[in-house]
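Notes follow the structure.
Along the sequence shown, residues carry numbers from 1. Note that ligands are numbered from 1 as they come in the structure, with each ligand's atoms numbered from 1 the same way.
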Amino acid sequence: MNQRIVFVGGGNIATAMISGMLRQGFDAHLIEVLEPDTEARARLTSEWGVVCHSAEGPFLAQAGVVIWAIKPQSFRSATIDLRAQTQKALHLSVAAGVRSDSISSWLGNERIVRAMPNTPALIGKGISGLFARAAVDSNDRQLIERIVASTGEYLWLESESQLDAVTALSGSGPAYVFYFIEAMVTTGVSMGLTHAQAYKLAIATFVGAGELARNSNEPPDVLRQRVTSKGGTTHAAISSMEESGIKPLLSAAMFAAHRRAQEMGDEFGSI
Ligand SMILES: NC(=O)c1ccc[n+]([C@@H]2O[C@H](COP(=O)([O-])OP(=O)(O)OC[C@H]3O[C@@H](n4cnc5c(N)ncnc54)[C@H](OP(=O)(O)O)[C@@H]3O)[C@@H](O)[C@H]2O)c1
């Protein structure tokens, strides 16, 4: 790939993408970052060898792809500021909530893809939902796939509204897993394990069960029933969870995230 790629914003998600792209063989000389923070620029240059800029300049007009990796609340003003210099580029936004209708109106450009990644992107094990506007052709899609694959897996969505569901499931999902790990570790300690023992057991259980589910042809309810013999320990735990209504509680939590993603689209997308 010989297209120049410019990141607007050089924070967590940009760093994860840049490190993954370099691991996948992208040329560091073709990646540039527009980032106002001096420390962030120094870190990106020393760790990854990419060129960083503190302010806009001619490099923007040479970009084949512009990746918007800034907070939703900064999005509108940044796009309007850089609109004139980025007309020829394909645009990829990783900002939660901000809809492509808003982005296209701010940029005056229709070649826009939105991605919703998650934090395991930092170690190349993320998963991203992708949505492309109609003007994005198959070459553009391939280019985006190469970039996003550097952070892990991806899947294309037919409708942009599905991105809010992706946000509620896999976007925020790592925090749900960490929350369960925290609770299992605390309980393990109260049952007599050391913190280190409980931590090791909890992490290995999530990783192992996740890998088992990924590699199995059986759905999770069958895998669960297989380890839940009547009258046994797992049966006691799952019955307690069912009585407490944990499934509807988790569903309500995910709908809260879903509502918030929709609200953010309204809040930060006013045209
Ligand atoms: N982290 C994740 O796992 C994750 C997952 C899914 C989606 N996202 C999305 O990714 C986006 C970025 O998240 P993040 O965690 O990477 O945030 P972050 O670490 O705060 O990085 C954003 C960076 O952009 C800089 N910035 C702000 N305004 C700018 C402008 N006009 N031009 C250039 N740079 C600007 C910020 O500088 P200052 O700090 O000086 O303002 C900051 O260094 C968000 O929209 C978020 O919704 C993140």
Flag: protein heavy atom within less than 4.0 Å of [atom]:
atom	value
atom 39 (O) of ligand 1	no
atom 20 (O) of ligand 1	yes
atom 24 (O) of ligand 1	yes

Checklist entry - Which pair of non-hydrogen atoms, one from Ile31 and one from Leu22, has the smallest distance, and what is that distance? => result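 Heavy atoms of Ile31 and Leu22 come nearest at CD1-CD2, 4.0 Å.
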Next on the checklist: Restricting to non-hydrogen atoms, name the atom on Leu44 and the atom on Gly10 that form the minimum distance, rounded to 0.1 Å.
Outcome noted: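 Closest pair (atom of Leu44, atom of Gly10, distance): CD1-O, 3.6 Å.
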Measure the distance from [atom] to every protein heavy atom, then report the residue, atom name and distance (to 0.1 Å) of the closest one.
atom	value
atom 43 (O) of ligand 1	Glu35 OE1, 2.7 Å
atom 17 (O) of ligand 1	Lys71 NZ, 3.3 Å
atom 41 (O) of ligand 1	Pro36 CG, 5.0 Å
atom 16 (O) of ligand 1	Ile13 N, 2.8 Å
atom 15 (O) of ligand 1	Asn12 ND2, 3.3 Å
atom 33 (C) of ligand 1	Leu34 O, 3.3 Å
atom 3 (O) of ligand 1	Thr119 CG2, 3.1 Å

Checklist entry - Does NZ or CZ of Arg83 come closer than 6.0 Å to the centre of the six-membered ring of Trp106, within 45° of the ring's axis? => result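 No.
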Checklist entry - Between Arg146 and Phe26, is NZ or CZ placed under 6.0 angstrom from the six-membered ring centre and within 45° of the ring axis? => result yes
Taking only heavy atoms of [X], which atoms of ligand 1 are found under 4.0 Å from at least one of them?
X	result
Val94	7 (C), 8 (N), 9 (C), 10 (O)
Val8	32 (N), 33 (C)
Ala78	31 (N)
Ala96	45 (O), 47 (O)

Checklist entry - Any N/O of Asn118 closer than 3.5 Å to an N/O of ligand 1? => result no
Checklist entry - Is there at least one pair of N or O atoms, one from Ala14 and one from ligand 1, spaced under 3.5 Å apart? => result no
Next on the checklist: How long is the straight-line distance from CG of Leu223 back to CG of Asn217, given to the nearest 0.5 Å?
Outcome noted: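 Rounded to the nearest 0.5 Å, the CG-CG separation comes to 10.0 Å.
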Using a 6.0 Å cut-off, check whether atom [atom1] of [X] has over 12 heavy atoms from anything other than its own residue.
X	atom1	result
Phe255	CZ	no
Arg214	CZ	no
Tyr176	OH	yes

Checklist entry - Would you say the side chain of His53 lies within less than 4.5 Å of the side chain of Phe59, judging by non-hydrogen atoms? => result yes
Checklist entry - Side-chain contact, heavy-atom cut-off 4.5 Å: Arg133 with Asp101? => result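 Side-chain contact under 4.5 Å: yes.
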Item to check | 4.0 Å heavy-atom contact, Pro117 with ligand 1 | outcome: yes
Next on the checklist: Measuring from non-hydrogen atoms of Ala40 to any atom of ligand 1, is the shortest distance under 4.0 Å?
Outcome noted: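 No, that is not the case, since the closest heavy atom of the residue is not under 4.0 Å from the ligand.
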Next on the checklist: Under a 3.5 Å threshold, yes or no: a donor from one side chain and an acceptor from the other, between Ser100 and Arg114?
Outcome noted: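 Checked: Ser100/Arg114 side chains show no N/O donor-acceptor pair below 3.5 Å.
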Next on the checklist: For a quick check under 3.5 Å, do Thr194 and Gln197 share a side-chain donor-acceptor pair by atom type?
Outcome noted: yes
Next on the checklist: Does only the side chain of Ala121 get under 4.0 Å from ligand 1, or the backbone, or both, or neither? Count heavy atoms.
Outcome noted: neither
Checklist entry - Using heavy atoms and a threshold below 4.0 Å, how should the contact between Ala69 and ligand 1 be classified: side chain, backbone, both, or neither? => result backbone
Checklist entry - With a 6.0 Å cut-off on ring centres, are Trp68 and Phe75 close enough? => result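 So the answer is yes for these two rings.
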Checklist entry - Among Leu82, Ile70, Leu122, which residue places a heavy atom closest to atom 28 (N) of ligand 1? => result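 Answer by nearest heavy atom: Ile70.
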